[in-house]
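Read the structure below first, then the notes.
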Number of protein chains: 2
Amino acid sequence: MRLLLTGSAGFIGSHLAASLLTSGAQVIGVDNYLSGQPAHTEALKRHPGFTFFEADVSQGLPLVAGPLDWVLHFASPASPPHYQQFPVETLMVGAQGTQHALNLARRQGARFLLASTSEVYGDPLVHPQPETYWGHVNPNGLRSCYDEAKRYAEAITMAYHRAHGLDTRIVRIFNTYGPHMRADDGRVVTNFIHQALAGEALTVQGDGQQTRSFQYVSDLIRGVRRLMDVTYHGPVNLGGTDAITMQRFAEVVRAAINPGLPIRFVPLAADDPRQRQPDITLARTLLGWAPEVSLDEGLKRTIASFRQQASPAGPLPAADLPLHHPAT
Amino acid sequence: MRLLLTGSAGFIGSHLAASLLTSGAQVIGVDNYLSGQPAHTEALKRHPGFTFFEADVSQGLPLVAGPLDWVLHFASPASPPHYQQFPVETLMVGAQGTQHALNLARRQGARFLLASTSEVYGDPLVHPQPETYWGHVNPNGLRSCYDEAKRYAEAITMAYHRAHGLDTRIVRIFNTYGPHMRADDGRVVTNFIHQALAGEALTVQGDGQQTRSFQYVSDLIRGVRRLMDVTYHGPVNLGGTDAITMQRFAEVVRAAINPGLPIRFVPLAADDPRQRQPDITLARTLLGWAPEVSLDEGLKRTIASFRQQASPAGPLPAADLPLHHPAT
């Protein structure tokens with residue numbers, strides 16, 4: 001199997017690449033390092049099945065000779081501080097970037113998988129969110145450069161499926177954490193771990209009673225690979241189902257690293273969703289998928305990798321990660 | 001004043017061009033005739049202030065020498081049959097097209113106005129819809145190629161405003177009717193008039209109890225021109241406020257043309273909104289604007305122009321239209 005993966009140097013892209021390579025696939029990675037990290041490319045390059053192009057998918061994709069089975073579009077800034085720093089680039093990778101990836105898939109007779117997001121549900125009014133829920137998104141607010149880019153990406157993916165018969169998949173990825181996240185990612189998991197490892201106060205937004213449901217990255221990768229093995233064109237949620245309040249989560253991270261640290265409350269970010277939790281009935285029935293890694297276990301692995309990143313030995317190479325991906 | 005107007009050969013674009021030209025402005029029109037009509041260009045060309053480029057704004061805009069005060073982005077298929085026939089082109093004119101227009105405005109130091117739509121509200125759960133309502137849109141349904149393209153266009157317009165300080169306007173246009181609509185437009189006003197003039201049954205979708213609020217095109221143009229004269233960057237609704245059921249509307253059109261015709265009920269189109277009606281409080285206070293042309297009067301003018309279009313004398317030239325646009 002030969003695949004092209006955009007965003008291969010990103011948090012999720014690098015795990016997906018490592019998983020595919022371990023299964024014997026040939027992976028062509030593409031990243032422009034706007035938010036991806038060169039260290040992941042270096043680690044992946046140690047695998048002979050990996051080739052890499054430094055390119056901005058919004059401007060176009062390299063001409064790929066030979067057969068191609070899949071185009072996997074995972075490129076995008078994904079954390080609010082990153083995409084709000086690069087709003088136009090984020091919008092472009094959702095529109096032009098997705099279209100270039102779709103055109104490549106069409107030209108090469110490949111299948112196409114879009115990494116969409118739970119952000120298409122915005123600040124949802126329905127809990128948990130099934131794939132049939134249309135979402136509650138501010139179309140021109142501060143987060144719209146990401147949310148609307150991804151909704152657009154879903155729309156154009158379905159347009160190519162309907163108009164051109166392209167064999168497409170859409171995965172809606174809920175909050176995911178694990179090794180390979182940037183320490184400056186800006187989302188709550190990395191914020192808390194980073195703060196606790198630095199001996200600082202953990203900053204909880206708002207009253208801390210807003211909830212999130214986290215999944216460990218290996219669970220997500222297992223789900224994405226299952227989705228590649230079935231034929232289903234609508235969006236499929238993949239995410240953790242155990243909701244935890246941000247205050248409680250801060251307490252868990254603090255307990256795992258340094259129980260003596262204070263917790264400090266700061267203002268809530270604009271349009272931040274109060275609650276978000278996937279309905280994974282479809283993934284259960286279609287893919288036989290459910291999360292397996294507990295929050296305690298996932299945090300343990302994530303904290304260990306953050307400690308190692310901070311050590312002189314440097315970051316954990318992607319291909320060495322103990323990823324769970326049974327051959328499906 | 002010198003302006004570039006995309007979609008100048010379209011229904012609303014041609015009226016806006018005629019109105020601006022009548023006020024002494026120089027108008028550079030751009031259209032690729034995907035849904036625009038060459039007859040409108042021909043009529044506008046009789047005015048010395050009008051120049052025209054046949055170009056696809058999704059691929060780029062002509063290099064314009066000299067000063068430019070405004071870029072007005074009105075290009076897009078807008079009726080469900082048209083945009084569902086051209087889903088990818090519709091998505092592109094919302095993304096690449098809007099961005100090319102924004103880039104031109106930025107390069108030339110011009111202001112920018114986006115023609116957005118009530119479709120950003122989708123099938124709304126709030127009535128009437130204020131600009132603060134986030135909408136209820138299926139992100140990957142059959143209508144998403146239009147709805148999500150316009151939501152994306154709003155998001156990127158606000159991103160250019162926030163990131164680059166571009167002086168932008170967003171008008172959310174509700175159902176509008178009048179001369180210059182294509183007979184095959186496919187929306188309810190043209191369908192009913194076309195059917196009644198042809199002596200056919202008027203086809204009402206669903207149970208006919210879904211409502212719409214129509215505005216006559218001269219009211220819309222007056223509102224757009226007012227919006228150009230104030231400094232306000234958020235979206236502004238412009239639309240009619242008198243809701244009418246589709247069954248009642250069929251009866252009104254039939255009565256105006258041929259009371260003996262039958263009314264036939266056909267299935268409802270996918271994701272068709274049940275009800276949509278603007279809250280125009282903002283337009284009233286910000287622009288001192290409200291619709292003025294009654295449905296009876298607007299229909300009379302529209303039917304007259306449809307009869308004339310069908311006559312051997314050909315279509316009514318755009319520049320001759322009795323548009324209401326008091327100097328503001």
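Bear in mind that the values here come from a model prediction, so they are computed numbers and not experimental data.
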Examine whether an atom of [X] lies under 4.5 Å from a heavy atom of chain B, and if so say whether it belongs to the side chain, the backbone or both; otherwise answer neither.
X	answer
A/Val137	both
A/Gln99	side chain
A/Arg162	side chain

Option among B/Arg151, B/Lys150, B/Arg143 that satisfies the side chain to side chain donor-acceptor pair (under 3.5 Å) test with B/Glu119: B/Arg143
Engaged part of B/His164 at the chain A interface, taking heavy atoms whose separation is under 4.5 Å: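 Only the side chain of B/His164 comes within 4.5 Å of chain A.
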Selection from A/Leu102, A/Leu125, A/Thr90, A/Asn140 maximising heavy-atom pairs under 4.5 Å formed with chain B: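 So the answer, after comparing A/Leu102, A/Leu125, A/Thr90, A/Asn140, is A/Asn140.
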Positive for side chain to side chain contact (heavy atoms under 4.5 Å, CB included) with A/Val236, one of A/Ile170, A/Leu286, A/Val171: A/Leu286
Most contacts with chain A, counted as non-hydrogen pairs under 4.5 angstrom, among B/His161, B/Gln96, B/Met158: B/Gln96
Nearest-0.5 Å distance that lies between atom CD in B/Gln215 and atom OG1 in B/Thr241: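 Rounded to the nearest 0.5 Å, the CD-OG1 separation comes out at 10.0 Å.
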Atom of A/Ile12, atom of A/Ile221 and distance for their closest heavy-atom approach: O-CD1, 3.9 Å
salt_bridge(A/Asp279, A/Arg284) N-O dist < 4.0 Å: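 No, no charged N to carboxylate O under 4.0 Å.
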